Amino acid sequence: DAGITQSPRHKVTETGTPVTLRCHQTENHRYMYWYRQDPGHGLRLIHYSYGVKDTDKGEVSDGYSVSRSKTEDFLLTLESATSSQTSVYFCAISDETPNTEAFFGQGTRLTVV
Amino acid sequence: AQKVTQAQTEISVVEKEDVTLDCVYETRDTTYYLFWYKQPPSGELVFLIRRNSFDEQNEISGRYSWNFQKSTSSFNFTITASQVVDSAVYFCALRETGFQKLVFGTGTRLLVSP
């Protein structure tokens, strides 16, 4: 199994508080992605990274920021959590070869109350 | 912009029936890559297959087969003689070259009853 770990696995937080989710990899892969999964919407890309300090927005980036200061870590931050950000968040990694599959973390279930 | 459409939200079949999951994609790239993933009830995402845009050969793996047609921008997935263990959500995904953004469809939930 690919070495990818998400933390925390579960979190309940209050509206208006900041939240940071962490994705850690041991594969030295260049590409890292953050998705959210909601019923009826599938997996939607929030942000992705194509290298250290190189990130770009996905389709649902509003309200989220990311940082990648080293290859192995990709952080997703909700600056001020809202109830609409209650979701399951998945991190994925892939190497430089575009026809290789992405490997996914186990997911983080975030509830904003 | 790249886009993946899985129009079938949910499909219910009885065991041993054949079932096809549809995937239609949009891209401006001439080189791109398509993937199918399975998400069983336990929640993890499991890679099933990948296909390059320049390789239109269909593929069969056991009860699974994939039909890639560039003319219709489709990459459909067929399960032959379905089993209860096939019950899952199936996602189709598209990756373009360049920055390699990986975009998924909304998924198709397959329910296979005994």
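Convention: sequence-line order gives letters A, B, ...; per-chain numbering from 1. Quick caveat, the model's predicted, so the values are computed rather than measured.
- Here the CZ atom belonging to A:F90 is positioned 8.5 Å from the CD atom belonging to B:E44, to the nearest 0.5 angstrom.
- At least one side-chain heavy atom of B:L102 sits less than 4.5 Å from a side-chain heavy atom of A:Y35.
- Under a cut-off of 6.0 angstrom, the local environment of CD in A:E14 is sparse, with at most 12 non-hydrogen atoms contributed by other residues, nucleotides or ligands.
- Using a 4.5 Å cut-off between heavy atoms, B:Q39 contacts chain A through its side chain alone, with no backbone atom that close.
- Remark: the backbone N or O of A:E96 is paired with a side-chain donor or acceptor of B:Q100 at under 3.5 angstrom.
- For the set A:G40, A:G105, A:G42, the count of heavy-atom pairs under 4.5 angstrom toward chain B peaks at A:G42.
- Crowding of B:R109 atom CZ: a count of heavy atoms from other residues, nucleotides or ligands under 6.0 Å not exceeding 12.
- Put simply, B:I11 and B:V4 are part of the same group of oily side chains (I, L, V, M, F, W, Y) that touch within less than 4.5 Å, one to the next.
- The one candidate from B:F47, B:Y33, B:W36 that meets the side chain to side chain contact (heavy atoms under 4.5 Å, CB included) condition with A:E101 is B:F47.
- Between the side chains of A:R44 and B:T106, no donor-acceptor pair is found at a separation under 3.5 Å.
- Counting non-hydrogen atoms of neighbouring residues, nucleotides and ligands closer than 6.0 angstrom, the NZ atom of A:K57 reaches no more than 12 such neighbours.
- Linking ILVMFWY side-chain heavy atoms closer than 4.5 Å, directly or via other members, places B:F35 and A:Y50 in a single hydrophobic cluster.
- When hydrophobic clusters are built by joining Ile, Leu, Val, Met, Phe, Trp and Tyr residues whose side-chain heavy atoms come closer than 4.5 Å, directly or via intermediates, B:Y90 is not grouped with A:F103.
- Between chain B and the residues A:G51, A:A92, A:S94, the most heavy-atom pairs under 4.5 angstrom are made by A:S94.
- Contact of A:S49 with chain B is not made at all, since no heavy-atom distance falls under 4.5 Å.
- With a 6.0 Å radius and a threshold of 12 heavy atoms from other residues, nucleotides or ligands, B:K3 has its NZ atom at or below the threshold.
- Residues A:L45 and B:K101 meet the side-chain proximity criterion, which asks for heavy atoms closer than 4.5 Å.
- Two different hydrophobic clusters hold B:V24 and B:Y32 under the rule that ILVMFWY side chains link at heavy-atom gaps under 4.5 Å.
- Between B:L45 and A:L43 there is a side-chain heavy-atom pair separated by less than 4.5 Å.
- Contacts of B:F104 with chain A are made by both backbone and side-chain atoms, with heavy-atom separations under 4.5 Å.
- For B:Y37, the part sitting under 4.5 Å from any heavy atom of chain A is the side chain, from C-beta outward, and nothing else.
- Put simply, A:V66 and A:V19 are part of the same group of oily side chains (I, L, V, M, F, W, Y) that touch within less than 4.5 Å, one to the next.
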